[in-house]
S.K.: 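Below: one structure in structure tokens.
Counting starts at 1 for both ligands and their atoms, following the listed order. Along the sequence shown, the residues carry numbers beginning at 1. Note that these values count all heavy atoms, side chains included, but never hydrogens, waters or copies made by symmetry.
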Amino acid sequence: MLSSLLSCGVLASAIFASCAATVTTVSVDGTAAHSIPPLLFGQMFEASQYGDGGIYAELLQNRAFQQVKPNIIDALFGWAPINGASINVIADPIPLSGALPNSLELTIPSGSLGQVGFGNEGYWGINVNASWTYNASFYYRFPRASNFSGKLTVMLQSSIGVVYANASVPVSGSTTAWMQVMVHLTPTSSPVSTTNIFTVTVDGASAIGETINFAMFSLFPPTFKGRVNGLRMDIAQACFHLDSTQTLYDMKPSFFRFPGGNNLGQSFSTRWQWNATVGNLTDRPGRMGNWGYINTDGLGLLEYLYLCEDMEMEPIMAVWAGYSLDGASLPENDLAPYIQQAIDQINFVIGNPATSKPAALRASLGHPEPFHLQYVEIGNEDFLASESYMYRWKDFAEHLEATFPHLKFIATSHPFNHTLDPIPKQYDNHVYQTPGWFAENAFYYDSAERNGTYYFEGEYAVVSTNASDLFGKPFNGRLVYPNMQGSVGEAAFMTGLERNSDIVFAASYAPLLMNTANYQWSPNLIAFDASHVYPSTSFYTQQLFSLNRGTEYFPSTLPLENGTLYWSVTRDAPTNTVIIKIANTGVTAEEMLFELPFKSVHSTGNATVLSGSATANNSPETPNAVMPVISQIKTGKSFSYTAAAYSVNVLRVEAK
Ligand SMILES: *[C@@H]1O[C@H](CO)[C@@H](O)[C@H](O)[C@H]1NC(C)=O
Ligand SMILES: *[C@@H]1O[C@H](CO)[C@@H](O)[C@H](O)[C@H]1NC(C)=O
Ligand SMILES: *[C@@H]1O[C@H](CO)[C@@H](O)[C@H](O)[C@H]1NC(C)=O
Ligand SMILES: *[C@@H]1O[C@H](CO)[C@@H](O)[C@H](O)[C@H]1NC(C)=O
Ligand SMILES: *[C@@H]1O[C@H](CO)[C@@H](O)[C@H](O)[C@H]1NC(C)=O
Ligand SMILES: *[C@@H]1O[C@H](CO)[C@@H](O)[C@H](O)[C@H]1NC(C)=O
Ligand SMILES: *[C@@H]1O[C@H](CO)[C@@H](O)[C@H](O)[C@H]1NC(C)=O
Ligand SMILES: *[C@@H]1O[C@H](CO)[C@@H](O)[C@H](O)[C@H]1NC(C)=O
Ligand SMILES: *[C@@H]1O[C@H](CO)[C@@H](O)[C@H](O)[C@H]1NC(C)=O
Ligand SMILES: *[C@@H]1O[C@H](CO)[C@@H](O)[C@H](O)[C@H]1NC(C)=O
Ligand SMILES: *[C@@H]1O[C@H](CO)[C@@H](O)[C@H](O)[C@H]1NC(C)=O
């Protein structure tokens with residue numbers, strides 16, 4: 001920590017004169033104004049290959065040929081023939097299940113020699129790790145009974161045929177019924193490259209003329225907390241709970257919003273339906289998601305709920321409310337079955353198995369006791385269809401409130417804009433803007449009436465530093481990765497959320513995840529590829545706020561509405577620690593003087609600082625360019641602190 005004189009002295013002489021004059025004094029009020037709400041910081045789950053090809057640990061892309069048109073080459077995405085094999089996606093006359101009508105048909109051409117079959121390239125790569133044992137499985141059947149007897153070879157190999165793991169299973173053509181194969185693959189080495197493939201082959205010469213149909217492939221590495229059908233370890237750690245290493249078993253988000261967001265539905269027919277996402281994987285048809293790719297729905301409602309339970313997060317669960325992003329709203333007379341479907345969805349989560357069929361289904365799937373649930377969101381961004389939301393909100397909210405009087409329902413229209421009946425007690429507010437907008441709007445909630453309405457800042461992010469480019473496509477001017485200028489703007493805004501956390505009960509940056517190989521939206525909190533995660537500057541900003549919440553908010557001198565310094569003060573009562581968060585959105589370091597009203601204040605404290613140039617970011621090329629740095633600072637009842645240019649700062653000091 002530099003003394004105030006020194007910090008002024010090191011500035012260029014031109015600025016020297018103004019230096020002393022610009023010390024910002026912050027006096028803290030000695031009486032807590034309100035407690036910090038338990039859900040203040042959490043996660044919103046979306047956007048680009050965030051489930052499939054992201055946090056859901058399945059490694060094979062297009063594993064079950066869901067929602068594809070058979071007999072066209074496009075239906076084979078992710079797959080390729082090996083050694084002259086003939087492969088095709090067919091509508092199987094004897095499908096594996098009603099939900100999975102398509103199979104992969106392999107025919108061994110005449111003249112075949114060596115191993116013949118097909119391979120899957122994964123989601124832009126497969127992470128082959130010799131520390132792991134992979135569970136591989138699929139179903140096969142011989143559509144025509146034959147005398148064939150041989151074996152299928154299952155391998156993990158590089159794109160040029162270096163074999164890392166192999167296993168073989170005997171097969172016979174004596175039956176046309178579906179048979180399941182499950183094998184373990186343990187690689188002998190860990191290639192750095194993820195350009196690897198999963199292959200299934202048969203000895204060509206002995207199988208000439210044979211046809212074998214395949215369905216529902218799967219390849220899983222070990223998963224987060226060991227759950228079957230579970231989550232990719234490094235991404236799950238990054239999203240929820242960060243350990244002492246670079247991954248994140250410590251963000252400690254307190255809520256998780258699902259299934260969307262936009263994921264609730266692009267169109268009526270492709271909307272998210274809870275009942276299509278539960279039960280055996282072979283009973284899940286999948287759906288065309290709204291981010292331009294088919295969803296397996298392997299990560300379904302029960303998986304989301306287990307995730308919340310495992311991570312001690314509160315679910316904020318949305319129900320589809322009669323409107324899809326393509327703009328179509330259902331007429332009021334048609335709403336009844338969808339209100340019932342929403343009731344069923346909620347009963348699956350919290351209903352009594354003795355009286356509710358969806359709850360009985362949950363019990364049969366291994367979770368008889370209800371999950372914890374307080375908040376249900378009615379729709380997503382329904383301000384986009386605010387006319388129809390008048391009756392949709394009314395009908396959904398009235399029925400759901402009557403059925404579940406102890407739940408809290410969240411409206412998704414603009415809070416200060418129009419009159420909904422019944423009056424919402426909770427609103428979800430979304431904003432994608434520039435750093436400047438966020439800093440200016442640090443005071444957004446200061447003037448909101450304290451009248452029993454509470455706010456969820458459910459999606460917010462700096463998406464561009466140029467107001468003309470907020471939603472331009474392709475993303476000219478849009479950030480690919482969050483940068484310091486943006487993250488500092490978000491931090492300024494977040495100090496306002498803390499100040500107003502008597503009425504702002506929850507907030508989440510959005511979206512959460514982005515596969516660098518295939519993304520439709522940027523920036524996102526955490527980027528990843530087939531083998532690594534890249535937490536952004538905004539990630540660390542969220543983490544600093546989440547891990548340093550405190551239990552009560554202390555009023556202090558208000559920041560200037562047109563200034564570059566923003567702050568908020570809380571205290572963690574159990575540890576008697578005063579926590580001061582500061583965002584400096586300016587291009588120069590700023591000197592601050594804090595006056596704490598407590599009887600005794602420790603003479604040293606900690607400062608954790610995230611700072612860098614305006615454009616500094618963490619990307620796959622420079623993953624650790626900006627990281628929080630902790631140091632000791634001199635503190636006391638009155639102490640000065642210099643906040644670096646473009647910095648997010650958390651000061652912690654013991655005070656009684
Ligand atoms: C390989 O697995 C080990 C053990 O789980 C893990 O520590 C390491 O990060 C993994 N490597 C990659 C590239 O995923
Ligand atoms: C199996 O082999 C037997 C004896 O060679 C032959 O008669 C029969 O037609 C074969 N069956 C099939 C399905 O090819
Ligand atoms: C498959 O694994 C076995 C050992 O389990 C090994 O002997 C054989 O060479 C492997 N095959 C290939 C093609 O790597
Ligand atoms: C893999 O298979 C083993 C044993 O067959 C099982 O214990 C484990 O839970 C499975 N792992 C996953 C991620 O499915
Ligand atoms: C889910 O339930 C709806 C009715 O609520 C029904 O129309 C639909 O077919 C079901 N989907 C699946 C996959 O079971
Ligand atoms: C899942 O599949 C198993 C075995 O096929 C079956 O016994 C079980 O009833 C199925 N579960 C559901 C919920 O359909
Ligand atoms: C509280 O005031 C806001 C306007 O600031 C209004 O939109 C909302 O409906 C009011 N809530 C209640 C419960 O009256
Ligand atoms: C009211 O809604 C319109 C869009 O319908 C939006 O542009 C405007 O910002 C909203 N006003 C407020 C105060 O949220
Ligand atoms: C902002 O975006 C607009 C539209 O793409 C462009 O014309 C303008 O040059 C950009 N301004 C800056 C400062 O990048
Ligand atoms: C900033 O706002 C304060 C009070 O709101 C005002 O006195 C001051 O002139 C403003 N400064 C600038 C540069 O706009
Ligand atoms: C300062 O950091 C040290 C080391 O991380 C920690 O033990 C101590 O509790 C921190 N002090 C405060 C007041 O948070």
S.K.: Find all atoms of ligand 4 within a distance of less than 4.0 Å from any non-hydrogen atom belonging to T223, and give their numbers and elements.
M.R.: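 Answer for ligand 4: 13 (C).
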S.K.: For the ring pair F598 and F554, is the centre-to-centre distance below 6.0 Å?
M.R.: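 Yes, the ring of F598 comes within the 6.0 Å limit of the ring of F554, centre to centre.
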S.K.: Under 4.0 Å from a heavy atom of A276: which atoms of ligand 5 are those, numbered in the order shown and with their elements?
M.R.: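 Answer, ordered by atom number: 13 (C).
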S.K.: If I compare all heavy atoms of T575 with all of E654, which pair ends up nearest, and what's the gap?
M.R.: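 Heavy atoms of T575 and E654 come nearest at O-CG, 4.2 Å.
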S.K.: Between H367 and F371, is the gap from one ring center to the other below 6.0 Å?
M.R.: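 Under 6.0 Å, so yes.
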S.K.: Distance to 0.1 Å, residue and atom name: give those for the protein heavy atom nearest to atom 3 (C) of ligand 11.
M.R.: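 Here the nearest protein heavy atom works out to N606 ND2, 3.5 Å.
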S.K.: Give me the residue, atom name and distance of the protein heavy atom closest to atom 12 (C) of ligand 5.
M.R.: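 Here the nearest protein heavy atom works out to N275 ND2, 3.3 Å.
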S.K.: Is it the case that ligand 11 has an N or O less than 3.5 angstrom from some N or O of T577?
M.R.: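 No; every N/O pair is 3.5 Å or more apart.
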S.K.: What do the steps show when you test Q341 against N275 for side-chain hydrogen bond (donor to acceptor under 3.5 Å, both in side chains), and what is the final call?
M.R.: CA-CA 9 Å; Q341 198 169 12; N275 56 312; 3.1 Å; yes
S.K.: Please determine whether a side-chain nitrogen of the Lys or Arg among R227 and D310 lies less than 4.0 Å from a carboxylate oxygen of the Asp or Glu.
M.R.: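 Yes, this pair counts.
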S.K.: Any side-chain heavy-atom pair from Y338 and F268 closer than 4.5 angstrom?
M.R.: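 Yes, close enough: below the 4.5 Å cut-off.
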S.K.: Does the distance from a Lys or Arg side-chain N to an Asp or Glu carboxylate O, for E398 and R392, drop under 4.0 Å?
M.R.: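 No.
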S.K.: Hey, is ligand 5 close enough to Q273 that some N/O pair sits below 3.5 Å?
M.R.: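 There is no such contact.
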S.K.: Quick one: nearest non-hydrogen protein atom to atom 5 (O) of ligand 11, plus distance?
M.R.: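 Of the protein heavy atoms, I630 CD1, 4.2 Å lies nearest.
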S.K.: Using 4.0 Å as the upper bound for N to carboxylate O, is an ion pair formed by K637 and E595?
M.R.: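 No.
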S.K.: Below 4.0 angstrom from a heavy atom of N135, which ligand 4 atoms are there? Numbered from 1 as shown, please.
M.R.: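 Checking each atom against N135, I get 1 (C), 2 (O), 3 (C), 8 (C), 10 (C), 11 (N), 12 (C), 14 (O).
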S.K.: Would P221 count as a contact of ligand 4 if the rule is a heavy atom under 4.0 Å away?
M.R.: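 For ligand 4, residue contact (heavy atoms, under 4.0 Å) with P221 is present.
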S.K.: Quick check on H184 - does any of its heavy atoms sit under 4.0 Å from an atom of ligand 4?
M.R.: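 Distance cut 4.0 Å: H184 passes for ligand 4.
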S.K.: Under 4.0 angstrom from atom 9 (O) of ligand 5, is there any protein heavy atom?
M.R.: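 Protein heavy atoms within 4.0 Å of atom 9 (O) of ligand 5 - there are none.
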S.K.: Establish, yes or no, whether the cationic atom of R232 lies under 6.0 Å from the six-membered ring centre of Y56 and within 45° of the ring axis.
M.R.: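 R232 over Y56 ring: no.
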S.K.: Could you tell me which atoms of ligand 5, counted from 1 in the order shown, lie closer than 4.0 angstrom to a heavy atom of Q341?
M.R.: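 Numbered from 1, ligand 5 contributes 1 (C), 2 (O), 3 (C), 5 (O).
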S.K.: Considering only the protein, which heavy-atom contact is closest to atom 14 (O) of ligand 11, and what is its distance?
M.R.: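 Checked against all protein heavy atoms, atom 14 (O) of ligand 11 sits closest to R652 NE, 2.9 Å.
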